[in-house]
2 protein chains.
Amino acid sequence: MMPLPGLFLGAHGDQAGRLGIVSSSPPQCKTLTPAGQEQIIGNDCTFMPITIKDVARESGVNTSTVSRALNNGYGVNDETRKHVIAVAARLNYRPNRVARGLVTGRSHSLALLVSDIRNPFFAEVARGAEDAARSGNCDLVLCNSDLNADKQMQYVQSLLEKRIDGILMNSVSMLNEEQQAQLVASGVPIVLLNRSPSNHTFSTVCADNESGGALAAKYLLNLGHRKIAHLTGPRQHGNLTDRARGFVRALQTAVDPVQPTVLHGKFNFAGGAELTRKLLDEHQGITAVFAANDVMAFGVVRAALDRGLRIPEDLSLIGFDNIEFSGIVHPPLTTIHQPKYEMGYAAVEILLRLAREKAKQTPEHRLLGVELIERESCRSPLAKPRGSSKRSLV
Amino acid sequence: MMPLPGLFLGAHGDQAGRLGIVSSSPPQCKTLTPAGQEQIIGNDCTFMPITIKDVARESGVNTSTVSRALNNGYGVNDETRKHVIAVAARLNYRPNRVARGLVTGRSHSLALLVSDIRNPFFAEVARGAEDAARSGNCDLVLCNSDLNADKQMQYVQSLLEKRIDGILMNSVSMLNEEQQAQLVASGVPIVLLNRSPSNHTFSTVCADNESGGALAAKYLLNLGHRKIAHLTGPRQHGNLTDRARGFVRALQTAVDPVQPTVLHGKFNFAGGAELTRKLLDEHQGITAVFAANDVMAFGVVRAALDRGLRIPEDLSLIGFDNIEFSGIVHPPLTTIHQPKYEMGYAAVEILLRLAREKAKQTPEHRLLGVELIERESCRSPLAKPRGSSKRSLV
DNA sequence: CCGATTGTCGGGAACGTTTGCAATAACAGA
DNA sequence: TCTGTTATTGCAAACGTTCCCGACAATCGG
């Protein structure tokens, strides 16, 4: 198939021999059909990309020299390097990263394993992760686990088969001990998007949830609220627990301590609405609500409006995450900003470092700061605006 | 490094020889350190995954037999196949997909190349695409082009180097002729998420935008609206143009024709708000607005509220896309549902088919249906509700 | 002028699979 | 018993890189 081998005299250091060398049939697909062989090739263009051998033959050097010239460039003469690069450019040579990965053992691709990319939080993390991966000359494969342990392990297995260089994971909390041990035994670098519950064998990137909760508490206190509620998810959820702890602790340790009402439920839109209904039914006089995330806060808005309560006139509301829609909805939601993009970026930075170091992995932990985004969903409970309706709760 | 070669007698058809064969040092990492060699191995666990050779040696057959037994299973004795599978399971063998990809030429991975995954539309497409890819035993790499032509081409080059099996692309409209020709010349299967503007060399998956526009028009007409506006993006945008065409045409061809006001601008939140301000300033008595997508519709809501207009009491509003937040915001947005998940799924199905067929690619075009989602942002202009404010426009 | 060092390059063995081809055994029909 | 067919398996060549190692020339220190 490969025509005319052994035609070239590889004269050592012979510049003319390299530059002016007679070119064999150029390896473009169209000209690969000399007369008399047409029936062999067939009429459909058998697409054969040019390899490092083609570049080597065309430039009169060995494949190893081509590899050196194109990669690091060390240990190869300056002129030959330029020549090889020129020939490679002329032939439009593209290295086969699969073959390279086979010998180097690195696939130059990372994985993002989240519960669902449709969650706007993860979408933003993904964007940061992809940008970081790209700047590290890697690409990012996307996996949706749906928080299913088996599915997650299947993904990991599949990724290991592709010799993935590292995995950025949403969570490992739903994995049992054996599965977690299997992960560490696999030897692949792993960064978690939240703090590891038990062990510290995995690297982690996490927003400072506890400080965020405290931030929300102080903000509501400063506005003058005294009857405060916190709607959050199940007690097992690490991140949400941290937020609740920071929130409650800041309220309790204030100069004039406050004991908030804390309700647990589902941490989605429906959960926020449901908990709000429960709150309004069973607790009187609440003036401010801290929702564990923005989507729950949207559920609060819905339930409050259904009860004839206006935000912020009748009820102040603060969320957590600062997803893009929080600034778009009405009223624009005051919330705790979580640096989602930066978290994805930082996580992949760690992953790239771990992938570079072949030595024993030293896990790294980054805690990223949060900040309060003040918009229009909170107000002082004392300032009764014009036309404030006097509707009581239920 | 690999210990003890040539110790096994590969007796043909000797079951005892296969099953009861003496096992060499099992290739687990921990037991690879016999006494006296500790200083060679080192203390860090040099992670060496087991290969097909280990399985072959352990089961007393050749690597080719192992390959056949584990893959298609054709051409290998039933008992030996079971035995090989058992040995592979015992050793926890995982095939190296990189090595396989090198010889087969298929990487078993597809790419999703969109402008920005943070756009919830693409997030949903991505989820559908990933599910389809997974069911086809492929994985999906994520690329964000930011609608930048150079960036897009760089991604394609990088993906080609990885011998990607197919690419699902947002758009090629920003690519010039030469770049598009380069794409088709690369030979990689490509599916576009919208209709190809000029040529039909690419496969396409597209929602029926024109019908969607007509659906919105008929809905507003049925409600009794006569003063209707359409806010849309720039004239070059194919999808939005189709929606506008269907909308306008349906209004004009109605039994009692209506000539709508059509305004062009940016197709994001700010654009929706800006166009709404312009609309309210320059056109009197508009009772219904059709926004080219839901995010623009949110901008309409914002601008309308700022002007003291309530939705739907003072202004009916209908969007396009039916992103998740459309059902969450207040008021819940009536909109045209676009099957985003199904579009991603269908596109990858086509991609998988194209990747399987090595013959000349026959492009496939799928047009997916849309439907009206009736929520609470539209109302008949005749029915003036209780307490309707009489505030005039400006 | 000679040995040692350095720079440059080619040869060739990996990396872990798949797969075409040949070899052997089993088995059938005659 | 001989021959042809089939089933099963081994052998070895790919696939396209990287990289160790040795060969050779040039340079340099003495």
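Each chain gets a letter, A, B and so on, in the order its sequence line appears, and its residues count up from 1.
When rounded to the nearest whole Å, the span between CG of A:Asp78 and C1' of D:dA26 equals 17 Å. If you measure from atom CZ of A:Arg57 to atom P of C:dG10, you get 15 Å, rounded to the nearest angstrom. Taking atom CZ of B:Arg100 as the reference point, atom C1' of D:dA14 lies 17 Å away to the nearest angstrom. For B:Leu160 and D:dG16, the CG to P distance is 15 Å, given to the nearest whole Å. In this structure, A:Leu102 atom CG and C:dT17 atom P are separated by 9 Å, rounded to whole Å. One atom, NZ of B:Lys162, and another, P of D:dG16, lie 17 Å apart when rounded to the nearest Å. Distance A:Leu70 CG to D:dT17 C1': 12 Å, rounded to the nearest Å. Nucleotide D:dC21 holds its P atom 13 Å from the CZ atom of A:Arg68, rounded to whole Å.
Between C:dT17, D:dT9, D:dT18, one nucleotide has an atom nearer to the side chain of A:Ile52 than all others, and that is D:dT18. Considering only the side chain of B:Thr104, C:dT18 comes nearest among C:dT18, D:dG16, D:dG10.
For the pair B:Asn77 and B:Thr80, the tightest heavy-atom approach, listed with the atom from each and the gap, is O-OG1, 2.8 Å.
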Under the side chain to side chain contact (heavy atoms under 4.5 Å, CB included) criterion, do A:Ile50 and A:Val55 qualify, and how do the steps go?
CA-CA 8 Å; A:Ile50 51 179; A:Val55 179; 5.6 Å; no

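Looking at B:Glu349, its side chain never comes within 3.5 Å of a backbone N or O of B:Ala132 through a donor-acceptor pair. Judged by distance alone, with hydrogens and angles left aside, the side-chain atoms of A:Asp54 form a donor-acceptor pair with the main-chain N or O of A:Thr51 at under 3.5 Å.
Distances shown here put a side-chain N or O of A:Asn62 below 4.0 Å from the OP1 or OP2 atom of C:dG11. The phosphate of C:dG10 has neither OP1 nor OP2 within less than 4.0 Å of any side-chain N or O from A:Ser64. Within the structure, every side-chain polar atom (N or O) of B:Ser67 is placed at least 4.0 Å from both OP1 and OP2 of C:dT19. In this model, the phosphate group of C:dG7 is not approached by any side-chain N or O of A:Asn77 to a distance below 4.0 Å at OP1 or OP2. Proximity of A:Tyr74 to the phosphate of C:dT6: no side-chain N or O atom is located under 4.0 Å from OP1 or OP2.
More than 12 heavy atoms of other residues, nucleotides or ligands lie within 6.0 Å of NZ in B:Lys151, so this atom counts as buried by the packing criterion.
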